[in-house]
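Just below is one structure, and these are the notes that go with it.
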Amino acid sequence: MGRLFGTDGIRGEANRYPMNSQIAFGVGQAVAHLFKKGSHRPKIIIGKDTRISGYMLEGSLEAGVTSMGGNPYLVGVLPTPGIAFVTQSMRADAGIVISASHNPYEDNGIKVFNGGGSKLSDEQEEHIEDLILNDKLTSLLPPPREMGQAYRMEDVHGRYIVFLKNTFPRELSMEGMKIVLDVANGATYKVAPEAFAELGADVEVIHNMPNGLNINDNCGSQHTGDLKRRVAEKRASIGLAFDGDGDRLIAVDEKGREVTGDQILLMCAHTLKEQGKLKNNLLVSTVMSNLGLRVACKKYGLRHYASKVGDRYVLEDMLRLWRERAAKPDKKALEAWWAQIGKWRAKKSLSYRNSNEIIKPQYAIQRLYELTKDRDTYITTEVGQHQMWAAQFYQFQEPARWMTSGGLGTMGYGLPASVGVQLAHPNSLVIDIAGEASVLMTMQEMSTAVQYDLPIKIFILNNQYMGMVRQWQELLHGGRYSHSYTEALPDFVKLAEAYHAHGIRCEHPDELDEKIREMIEVQKPVIFDCVVDPAENCFPMIPSGRAHNEMLLGDAATRVEDAVTEKGKMLV
Ligand SMILES: Cc1ncc(C[n+]2csc(CCOP(=O)(O)OP(=O)(O)O)c2C)c(N)n1
Ligand SMILES: [Mg+2]
């Protein structure tokens, strides 16, 4: 089998094999096929630089993708990193760049990446080659009504410029700075001048009249003569030269001296190190970097790692090395601290008495954790006892998995929060651990969840009480209950059904696991009415008027009357 893909995708002279319309058509079909999952119609972003052959290749790719049932989104001329950005922000399945980078206009290329903006794996590329070169695509074509539709996106420049501007630190400004840009008659000719001008710079642009034949022609990152002259002539602070597709950059300083990519890397690494932000004190570049870079890294006390040529390998190595731990904890030094923590833990301040007859809310959360811990789970909560039990018994293992209003105490937060989290993480399991009173405050948001197909799970610890209020009334007000009990709750299963969602009621500890599994399986919003012990209290608790180190544990609660002084009672 002949290979089409090299380190930079498929490359060659335009209108000749493999850079002809037949192969481009095949790539369009193969990519659409690769990213089709069941009835899912793959969304594929296609962008290009300014080469004349871009029109032909764009048209062929568009035809290929639509014929295989995918929807191509044509963004027109945009730098390669801009196409990766749009692919990610549009949540597309893949992006295709038509460009031969810094090479002359006669050449062209096709580069494919996945929805995350990274290049395809070797296996995916081999799969595409196999489909094209062994004539396997025709038999995969769908019937006419399953063919795709193409869209032309007009507003991508603005979106990409906003993204670029957001990467520039707020405390810095380009106000009053003269900058010369050489856009190589290529893909950056519109975006780069606008982005820098919007950041306040006084921008002068050269080689910004693309005509299809002049890309990289004696200009851009490979030929910086014109830029150097213009920087000196205009007494500019800096000059920047891009290559044809805008993923390569050479800078020129105020004296017209070239600053190479290696030098820029070193400046970035050194600055980050000074700011204490250089993870593992490490700079990764390719083996093509100059020996001088290594020497300079030594001089500035930086570690250097050389990857294989190709940005994919650099990224892979960066991620692998980034995950390495910078410092190992000194176990010996921590022993005394762990012993102290052990003593505190031995008190078992979260213990509770479980029951075979009635579901204890703590037990329900423990089971919920056990049955969801191997999934990509996010938890939101309302406010009340259930919120505290969720914090105590759901064993969070990662940051940013716990969305709660904390001390702000916003009943009604958990349901809309779960809608937001599910929208941001469509494939994750999102659970609102709720109280029956809180969740009714924003129950209308069930409509939003149903309308936008967000399969959120509302796990109600239904104790028929505003439990948190009842607990205070019981323990601190001598059991004089006031407005904390509800006899008139809706039937939550029917309420779920009224919203065209799924309802589950669970009343016995024995059925808990099976019903939690059902909740997870259903690909719809679910209201889970978990009927729990109405009298359970949440501990530890600080009696009013007492200090933090005088917390009441569960067993002490029986003597709580003694624990709260008259003065303390008057405080609540
Ligand atoms: C909007 C709002 N109103 C009132 C309160 C005061 N408050 C805190 S918890 C609570 C009761 C919550 O009851 P429920 O949702 O059933 O949770 P439980 O304590 O029973 O688990 C109340 C009224 C609040 N935090 N927010
Ligand atoms: Mg309640």
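Every number for a ligand or one of its atoms is a count from 1 in the order of the listing.
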With the Mg ion (ligand 2) as the apex, the OE2/O angle for Glu436 and Tyr465 - to 10°: 70°
Short side-chain to backbone donor-acceptor contact, Gln471 and Cys538, under 3.5 Å: yes
Ser438 N/O/S atom closer than 2.8 Å to the Mg ion (ligand 2): no
For Glu536, the option from Lys360, Arg353, Gln385 that meets side-chain hydrogen bond (donor to acceptor under 3.5 Å, both in side chains): Lys360
N/O/S from Gln464 sitting under 2.8 Å away from the Mg ion (ligand 2): no
Salt bridge (charged side-chain N to carboxylate O under 4.0 Å, His left out) between Glu474 and Arg470, intermediate numbers included: CA-CA 6 Å; Glu474 176 190 341; Arg470 184 198 54 71; 2.7 Å; yes
Charged tip of Lys43 within 45° of Tyr73 ring normal and under 6.0 Å: yes
May I have a table of the N/O to N/O pairs between ligand 1 and the protein that fall below 3.5 Å, each row giving the two atom names and the distance to 0.1 Å?
unit_1	atom_1	unit_2	atom_2	d
ligand 1	15 (O)	Ser438	N	2.8
ligand 1	15 (O)	Ser438	OG	2.6
ligand 1	16 (O)	Glu436	OE1	3.4
ligand 1	16 (O)	Glu436	OE2	3.0
ligand 1	16 (O)	Ala437	N	3.2
ligand 1	16 (O)	Tyr465	O	3.1
ligand 1	17 (O)	His386	ND1	3.2
ligand 1	19 (O)	Gln385	N	2.8
ligand 1	19 (O)	Gly467	N	3.3
ligand 1	19 (O)	Met468	N	3.0
ligand 1	20 (O)	Asn463	OD1	3.2
ligand 1	20 (O)	Asn463	ND2	3.0
ligand 1	20 (O)	Tyr465	O	2.9
ligand 1	20 (O)	Gly467	N	2.7
ligand 1	21 (O)	Gln385	N	3.3
ligand 1	21 (O)	His386	N	3.0
ligand 1	21 (O)	His386	ND1	2.8
ligand 1	25 (N)	Gly409	O	2.6
ligand 1	26 (N)	Gly409	O	3.1
ligand 1	26 (N)	Met411	N	3.4

Note, Ile45 side chain near Ile83 side chain (heavy atom, < 4.5 Å): yes
Aromatic ring proximity Tyr352/Phe393, centre distance under 6.0 Å: yes
Arg401 to Tyr378 six-membered ring, cation-pi geometry met (6.0 Å, 45°): yes
